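Take a look at the structure below.
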Amino acid sequence: MNLSISSSKQAELDLLKRSVESFCKQEVAPFYSMWEEQGMVPREFWNKLGEQGFLLAEVPEEYGGIGASFLYSTTIIETFCRQGYSSIAANLSVHDTILANYFLQYGTEEQKKYYLPKMISGELVGAIAMTEPGAGSDLQRIKTTANFDEAMSGYVLNGSKTFITNGQLCDFAIVVAKTKLDVKPSKGISLFIVDASKDGFTKGKNLEKIGLHACDTSELFFEDILLDDRDILGGVDQGFSVLMNELPRERLIVANCAVACMEGVLTDTVTYVKERELFGTTLDQLQHTQFTLAELQTKVRVQRSFADECTTRCIEGSLDTATASMAKLSCTEVQGEVIDRCLQLFGGYGYMLEYPVARAYADARVQRIYGGTSEVMKLIISRELLSK
């Protein structure tokens with residue numbers, strides 16, 4: 001199954017891509033190195049994204065969106081990746097393609113009308129708080145609780161989360177918490193929409209990472225935060241099933257970003273080897289360079305085909321967990337290999353941060369970790385295979 005769209009739709013996507021590229025040239029390129037040093041984009045950057053219509057394209061018009069397909073969202077995010085701005089792509093992936101779909105699929109009408117328009121404009125920035133210091137890919141091990149207090153007629157949230165994308169700048173977070181302790185964890189987890197302005201919501205330090213430096217990533221702490229039924233997303237004790245239903249989409253986004261990053265780095269590498277002089281010629285004239293680039297281009301094309309197939313399945317509603325896990329596993333593993341070998345062609349310059357390939361190399365490493373590690377992906381795939 002290949003990604004097949006009409007010529008008119010392709011023209012729209014090409015125009016959107018050019019719009020993002022133009023935006024990057026004017027609003028990102030001059031400042032990105034500074035944002036990397038500061039550890040985050042400025043808060044007003046989210047408003048600029050909203051003004052350009054780059055946020056929540058899939059949301060229906062009744063909530064302030066344009067009701068576009070998933071292709072629009074992934075085109076925007078992939079273009080940031082291809083331009084070398086993976087930090088922004090990571091920020092957007094959480095706010096846009098993940099959180100927005102949570103609201104669309106599981107939110108009440110009241111929640112949709114309040115949060116979605118403000119997320120579209122950039123007035124509100126969202127985060128999703130799953131991971132804890134002792135619970136990464138195994139969400140059933142979380143310790144954060146939201147116990148119902150009859151006297152207060154609400155849930156009291158306590159706990160902490162870590163490695164939270166958008167953690168510093170978020171205006172709200174969807175928090176995964178246990179609401180029932182006497183049942184299997186998968187039957188007693190709920191999702192809560194927690195505004196950052198609530199008493200007891202504390203943002204920890206902006207964590208220092210190997211890569212994705214301009215993507216704010218934080219610890220979040222919750223102490224005796226009182227919540228009620230209006231803050232629950234997807235129903236009481238239904239959180240685990242909601243998370244499992246949405247993970248294939250999340251993992252597809254990671255896979256698509258991996259492919260776009262490879263495409264961008266490979267393009268830069270081809271340009272570099274044509275200009276780099278070595279032994280009385282240019283690097284592209286050496287057979288080793290030619291063979292290396294041929295191999296890498298083949299690997300990228302194969303991953304693009306698989307990612308496009310999964311994108312088609314996602315749009316059709318037939319993307320299953322195992323297939324999405326295969327896409328994430330394969331695309332991110334190949335991403336690491338391709339960028340590493342491209343960096344090698346740059347020689348010593350590839351190790352210098354002034355060259356985008358160096359940043360891409362550092363940024364790529366987390367792709368095999370977040371959204372479920374490569375090892376967890378293998379477990380999911382093998383279980384599906386052996387269950388037949």
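All values derive from a computational prediction rather than experimental measurement.
- Closest heavy-atom contact between Val334 and Gln303: CG2-NE2, 3.6 Å.
- Partners of Tyr102 under the ring-ring contact (aromatic ring centres under 6.0 Å, His included) rule, at least two apart in sequence or in another chain, do not exist in this structure.
- No more than 12 heavy atoms of other residues, nucleotides or ligands shown are found within 6.0 angstrom of CZ on Phe163.
- Here Ile120 contributes atom CD1 and Leu55 contributes atom CG; the two are 8.5 Å apart, rounded to the nearest 0.5 Å.
- A donor and an acceptor atom, one from each side chain of Glu109 and Tyr63, are located under 3.5 Å apart.
- Within the 4.5 Å cutoff, the side chain of Leu227 has heavy atoms near those of the Ile225 side chain.
- In this structure the side chain of Leu252 reaches within 4.5 angstrom of the side chain of Phe70, judged on heavy atoms.
- In the model, Asp216 has no side-chain atom that pairs as donor or acceptor with a side-chain atom of Asn206 under 3.5 Å.
- Using a cutoff of 4.0 Å between basic side-chain nitrogens and carboxylate oxygens, Lys198 and Glu223 are not scored as salt-bridged.
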_Step-by-step salt bridge (Lys or Arg N to Asp or Glu O under 4.0 Å) determination, Lys299 to Glu295_ = CA-CA 6 Å; Lys299 289 177 181 289; Glu295 291 175 15; over 6 Å; no

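- Between Leu116 and Leu56, the closest heavy-atom pair is CD2-CD2, 3.8 Å.
- Checking Ser218 against Gln168 by side-chain atom types alone, a donor-acceptor pair falls below 3.5 Å.
- Defined by atom type and a distance below 3.5 Å, a donor-acceptor pair is missing between the side-chain atoms of Glu277 and Thr282.
- You'll find the ring centres of Phe45 and Phe23 inside the 6.0 Å limit.
- Surrounding CZ of Phe148 are more than 12 heavy atoms belonging to other residues, nucleotides or ligands, all under 6.0 Å away.
- Within a 6.0 Å radius of NZ in Lys112, more than 12 heavy atoms belonging to other residues, nucleotides or ligands are found.
- In summary, the side chains of Asp14 and Gln10 do present a donor paired with an acceptor at a separation below 3.5 Å, with no hydrogens or angles considered.
- Ionic pairing of Arg43 and Asp171 is present here: one or more N-O contacts between side-chain nitrogen and carboxylate oxygen are shorter than 4.0 angstrom.
- A side-chain N or O of Asp320 and one of Thr323 form a donor-acceptor pair less than 3.5 Å apart.
- The CG atom of Leu329 lies 8.0 Å from the CE atom of Met377; values are rounded to the nearest 0.5 Å.
- In this structure, SG on Cys257 lies 9.0 Å from CG on Leu92, to the nearest 0.5 angstrom.
- Surrounding NZ of Lys180 are at most 12 heavy atoms belonging to other residues, nucleotides or ligands under 6.0 Å away.
- Comment: Lys274 does not engage Asp284 in a salt bridge, judged by the lack of any side-chain N to carboxylate O separation of less than 4.0 angstrom.
- Taking OH from Tyr85 and CD from Glu36, the interatomic distance works out to 10.5 Å, rounded to the nearest 0.5 Å.
- The closest side-chain donor-acceptor pair between Glu219 and Ser160, if any, does not fall under 3.5 angstrom.
- Interatomic distance, CG of Asn256 versus SG of Cys331, reported as 7.5 Å (0.5 Å rounding).
- Counting only heavy atoms from C-beta outward, the side chains of Gln297 and Leu266 approach each other to under 4.5 Å.
- Atom-to-atom distance recorded for Leu124:CG and Phe172:CZ is 6.5 Å, nearest 0.5 angstrom.
- For the 3.5 Å distance criterion, the side chains of Thr179 and Asp237 qualify, holding a donor opposite an acceptor.
- The salt bridge (Lys or Arg N to Asp or Glu O under 4.0 Å) analysis of residues 155-170, with sequence neighbours excluded, yields the pairs Glu132-Lys161.
- Between the side chain of Asn91 and the main chain of Cys215, no donor-acceptor pair closer than 3.5 Å is present.
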*What do the steps show when you test Leu293 against Thr289 for side-chain contact (heavy atoms from CB on, under 4.5 Å), and what is the final call?*
CA-CA 6 Å; Leu293 291 175; Thr289 302; 3.9 Å; yes

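- Put simply, the side chain of Thr292 gets close to the backbone of His288: a donor and an acceptor are under 3.5 Å apart.
- Judged by the 6.0 Å and 45° rule, Lys118 forms no cation-pi pair with Tyr115.
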*Show your reasoning for whether salt bridge (Lys or Arg N to Asp or Glu O under 4.0 Å) applies to Glu309 and Arg313.*
CA-CA 6 Å; Glu309 175 193 338; Arg313 291 190 178 193; 3.0 Å; yes

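- Counting only N and O atoms by type, the side chains of Ser87 and Tyr32 include a donor and acceptor under 3.5 Å apart.
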*salt bridge (Lys or Arg N to Asp or Glu O under 4.0 Å) between Glu375 and Arg368: does it pass, once the steps are laid out?*
CA-CA 9 Å; Glu375 292 71 25; Arg368 287 173 270 168; over 6 Å; no

